[in-house]
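These numbers were taken from a predicted model, which means no experiment stands behind them. Note that these values count all heavy atoms, side chains included, but never hydrogens, waters or copies made by symmetry.
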Amino acid sequence: MSKLLIVGTVAFDAIETPFGKTDKILGGAATYISLSASQFGVESGIVSVVGGDFPKEYLRKLNARNINTDGIEVVEDGKTFFWKGKYHNDLNSRDTLITDLNVLADFKPVVPKRFIQPEFLMLGNLHPAVQMAVINQIPVRPKLVVLDTMNFWMDNTWDQLMEVIAKIDVITINDEEARQLSGEYSLVKAAQKIYEMGPKYVVIKKGEHGALLFHEDNVFFAPALPLEEVFDPTGAGDTFAGGFIGHMTRTEDISFENMKRGVIAGSNLASFCVEKFGTERMENLTHDEIQERLLQFKLLTQFDIELG
């Protein structure tokens, strides 16, 4: 079985949407990625950091899904990274109310021995210096390296971000981030510019409007499933990335054709994530539900047309 190493935040979130609000709950990019990837039965490990205030129960939840937490450093006298946000009525925009880096501010990642040679590496949204520190600890290049990043790192750590981007195979960003990274409004031109930075594949997430996969002259579009209710979009992008890398890890096939299936797998799981607050939906998801919705995705895009 291929091993998947996930780098990213394991955190507390406090979320407010038009449908309600929460106190501190489990969150973080690596949490959503790993819960999503675990749906594919892969062996994964997380590299992250938490404080002494992080409940052991949360680590046990991850372990129960074959997610190795040996690489999650616990700083007993520190506090866990905390984010608080409030979503607007359209759920597409939000205001960040609190960002407390806490133990994340001085994080020096250490890859556990069991995962020092992963076949697949998912670099979740984090400081590029942390992402690079993990890359530098892995002696043999993984079969596939996927990176997720955001505007904040483009604004504040451009040079370090460029160094990391030069070493990856796939980048997953949203459309706004793709435009900022490339300086191009057209997403086709943006993808072409991003290729020049290093990645061979560019995945551009468009939220409720689906996702695009670019590779050289090839383009693939995956729709987002039209949902009756979107309750909380937090973690949807990370869940998408987890579905993508989970599928790639399970199949061990890094062809463009299989990446198309990976994008669909990611879109499928992201559609569940938004149905409840935080990680609740991902923790209680069943195989049958995933398969049933996958069929919906297939029917959504399947058609016959006579050409000529």
Side-chain angles (χ1 to χ4, degrees), residues 3-11 28-34 37 44-49 71-73 81 99 101 104-112 115-184 190-205 213-215 237-238 240-242 244-245 248-249 254 259 262 266:
K3 284 182 182 168
L4 165 63
L5 182 63
I6 298 160
V7 185
T9 52
V10 174
T31 305
Y32 283 101
I33 292 167
S34 62
S44 65
I46 297 175
V47 171
S48 192
V49 63
I72 301 180
E73 180 188 354
F81 173 71
T99 303
L101 290 177
L104 198 61
D106 302 309
F107 180 41
K108 301 288 188 293
V110 177
V111 178
F115 285 88
I116 202 71
Q117 289 193 14
E119 286 89 345
F120 292 81
L121 174 61
M122 178 72 224
L123 300 168
N125 180 26
L126 256 184
H127 196 298
V130 175
Q131 294 172 327
M132 184 61 86
V134 170
I135 290 173
N136 289 337
Q137 289 176 57
I138 296 173
V140 178
R141 181 181 171 83
K143 186 180 286 191
L144 194 72
V145 181
V146 182
L147 169 82
D148 191 25
T149 191
M150 67 182 295
N151 306 75
F152 181 82
W153 308 120
M154 298 174 201
D155 291 334
N156 297 287
T157 61
W158 180 264
D159 290 345
Q160 289 169 298
L161 180 60
M162 287 301 106
E163 287 178 25
V164 176
I165 286 177
K167 290 183 172 290
I168 65 164
D169 302 302
V170 184
I171 186 168
T172 70
I173 47 179
N174 67 32
D175 44 3
E176 179 192 349
E177 292 157 352
R179 290 180 172 121
Q180 180 174 340
L181 186 61
S182 64
E184 295 285 355
Q192 290 167 349
K193 279 277 184 73
I194 295 168
Y195 292 146
E196 295 168 12
M197 300 172 186
K200 303 179 191 73
Y201 303 87
V202 178
V203 178
I204 300 179
K205 300 172 286 186
L213 168 66
F214 296 90
H215 173 59
D238 295 314
F240 171 91
F244 175 82
I245 195 67
M248 301 306 293
T249 305
I254 59 172
M259 282 192 190

Review point. Taking only residues two or more places apart in sequence or in another chain, which ones pass side chain to side chain contact (heavy atoms under 4.5 Å, CB included) with Ser44?
Key: Leu4, Ile6, Ile67
Review point. Listed by chain and number, what are the side chain to side chain contact (heavy atoms under 4.5 Å, CB included) partners of Thr9, not counting sequence neighbours?
Key: Ala29, Phe81, Leu104, Leu126
Review point. Counting N and O atoms only, with roles assigned by atom type, does the side chain of Ser48 sit under 3.5 Å from a partner on the main chain of Ile72, one being a donor and the other an acceptor?
Key: no
Point to revise | Main-chain N/O of His215 paired to Tyr195 side chain as donor or acceptor, under 3.5 Å | key: yes
Point to revise | Side chain to side chain, Phe214 and Ile194, heavy atoms closer than 4.5 Å | key: no
Point to revise | Side-chain heavy atoms of Thr149 within contact of Pro128, under 4.5 Å | key: no
Just how far is it from atom [atom1] of [X] to atom [atom2] of [Y], taken to the nearest 0.5 Å?
X: Ile171; Y: Met197; atom1: CD1; atom2: CE; result: 8.0 Å
X: Met248; Y: Met259; atom1: CE; atom2: CE; result: 4.5 Å
X: Ile46; Y: Thr31; atom1: CD1; atom2: OG1; result: 5.5 Å
X: Glu119; Y: Leu144; atom1: CD; atom2: CG; result: 11.5 Å
X: Leu121; Y: Ile245; atom1: CG; atom2: CD1; result: 8.0 Å
X: Thr172; Y: Met122; atom1: OG1; atom2: CE; result: 4.5 Å

[X] to [Y] - nearest heavy-atom pair and separation:
X: Pro112; Y: Val47; value: CD-CG2, 4.0 Å
X: Ala190; Y: Ala178; value: CB-O, 3.9 Å
X: Val202; Y: Ile204; value: CG1-CG1, 3.8 Å

Checking [X] now: which residues fulfil side chain to side chain donor-acceptor pair (under 3.5 Å) with it, not counting sequence neighbours?
X: Glu184; value: Lys193
X: Asp155; value: Gln180
X: Glu73; value: none

Show the atom names and distances, to 0.1 Å, of all donor-acceptor pairs under 3.5 Å that link a side chain in residues 131-143 to residues at least two apart or in another chain.
residue: Gln131; atom: NE2; partner: Gly124; partner atom: O; Å: 2.9
residue: Gln131; atom: NE2; partner: Asp148; partner atom: O; Å: 3.4
residue: Asn136; atom: ND2; partner: Met132; partner atom: O; Å: 3.4
residue: Gln137; atom: OE1; partner: Val111; partner atom: N; Å: 2.9
residue: Gln137; atom: NE2; partner: Pro109; partner atom: O; Å: 2.8
residue: Gln137; atom: NE2; partner: Ala133; partner atom: O; Å: 3.2
residue: Arg141; atom: NH1; partner: Lys167; partner atom: O; Å: 3.0
residue: Arg141; atom: NH2; partner: Asp169; partner atom: OD1; Å: 2.6
residue: Arg141; atom: NH2; partner: Asp169; partner atom: OD2; Å: 3.0

Revision key, fill the gap. Applied to residues 124-138, the salt bridge (charged side-chain N to carboxylate O under 4.0 Å, His left out) test, sequence neighbours excluded, yields none
Point to revise | Pair listing, salt bridge (charged side-chain N to carboxylate O under 4.0 Å, His left out) test, anchored in residues 128-139, at least two apart | key: none
Exercise for review: Could you go through the side-chain contact (heavy atoms from CB on, under 4.5 Å) check for Phe107 and Leu101 one step at a time?
Suggested key: CA-CA 10 Å; Phe107 180 41; Leu101 290 177; over 6 Å; no
Revision key, fill the gap. Residues passing the salt bridge (charged side-chain N to carboxylate O under 4.0 Å, His left out) test with Glu176, sequence neighbours excluded, are none
Point to revise | Pairs flagged by ring pair (Phe, Tyr, Trp, His ring centres under 6.0 Å) wherever residues 126-176 is involved - sequence neighbours left out | key: His127-Trp153
Exercise for review: Applying ring-ring contact (aromatic ring centres under 6.0 Å, His included), name anything that partners Phe115, two or more places apart in sequence or on another chain.
Suggested key: none
